[in-house]
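In this text the structure is predicted, and so the values were computed from the model without any measurement. Just so you know, residue 1 is the first one in the sequence shown, and it goes up from there.
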Amino acid sequence: MIAKFSIDYITFPQHNKRVDTHRTDDPVEAGEFLMNLLVLGARILAIKHEGVELGPHAFDKMIKQAAERVASRLIATALHLDSVEVHHRFGFPA
């Protein structure tokens with residue numbers, strides 16, 4: 001059975017060429033994994049949904065959502081705010 005989401009990535013791309021794949025059926029877990037890859041500075045090569053690579057618009061949308069969630073968490077931690085206050089003050093998703 002094909003996993004609902006597959007993410008192809010390279011950790012530490014400046015020193016490594018090996019492509020790894022993370023597979024999950026949970027869309028929330030896929031988003032969390034993308035957040036971790038962004039924080040790590042990993043190279044994200046492809047995101048597939050049910051074995052089909054996402055088009056540029058859908059790919060960009062998932063990356064943007066992950067980046068906004070990372071920014072929201074960083075601001076919340078740095079300023080000791082809850083997610084509702086971060087959303088109100090900075091416009092990031094709660």
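The side-chain contact (heavy atoms from CB on, under 4.5 Å) test applied to L45 returns D8, I10, V19, R43, not counting sequence neighbours.
The CD1 atom of I44 sits 12.0 Å away from atom NE2 of H22, with the distance rounded to the nearest 0.5 Å. The distance from the CD atom of E32 to the CG atom of N36 is 7.0 Å, given to the nearest 0.5 Å. Atom CD of residue E68 and atom CZ of residue R73 lie 13.5 Å apart, to the nearest 0.5 angstrom. With values rounded to the nearest 0.5 angstrom, S72 atom OG is found 8.5 Å from M35 atom CE. If you take CG on L40 and OG1 on T11, they are separated by 8.0 Å, rounding to the nearest 0.5 Å.
R18 is listed as a side-chain neighbour of D20, based on a closest heavy-atom distance under 4.5 Å.
Residues V70 and L37 fall into different hydrophobic clusters, defined by Ile, Leu, Val, Met, Phe, Trp and Tyr side chains chained together at heavy-atom separations under 4.5 Å. By the rule that hydrophobic residues join a cluster once side-chain heavy atoms approach within less than 4.5 Å of another member, F92 and L79 end up as members of one cluster.
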**Study point:** side-chain contact (heavy atoms from CB on, under 4.5 Å) assessment of E85 paired with D82
**Key:** CA-CA 5 Å; E85 185 69 18; D82 65 9; 3.2 Å; yes

Practice item. Given side-chain contact (heavy atoms from CB on, under 4.5 Å), test L34 with I7 step by step and report yes or no. Key: CA-CA 8 Å; L34 286 172; I7 301 168; 3.9 Å; yes

Review point. Between F5 and K48, is a side-chain contact (heavy atoms from CB on, under 4.5 Å) present by the stated rule, with each step listed?
Key: CA-CA 6 Å; F5 290 95; K48 297 175 186 168; over 6 Å; no

Indicate every side-chain donor-acceptor pair of residues 58-67 with a distance under 3.5 Å to a residue at least two apart or in another chain.
none

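Look at R23 and E50 and you find no salt bridge, because none of the NZ, NE, NH1 or NH2 atoms lies under 4.0 Å from a carboxylate O.
Nearest heavy atoms, P13 versus G41: CD-O, 3.8 Å.
Heavy-atom contacts from other residues, nucleotides or ligands closer than 6.0 Å to CZ of F90 number more than 12.
By the 30° and 60° cut-offs, the orientation of the rings of F33 relative to Y9 is perpendicular.
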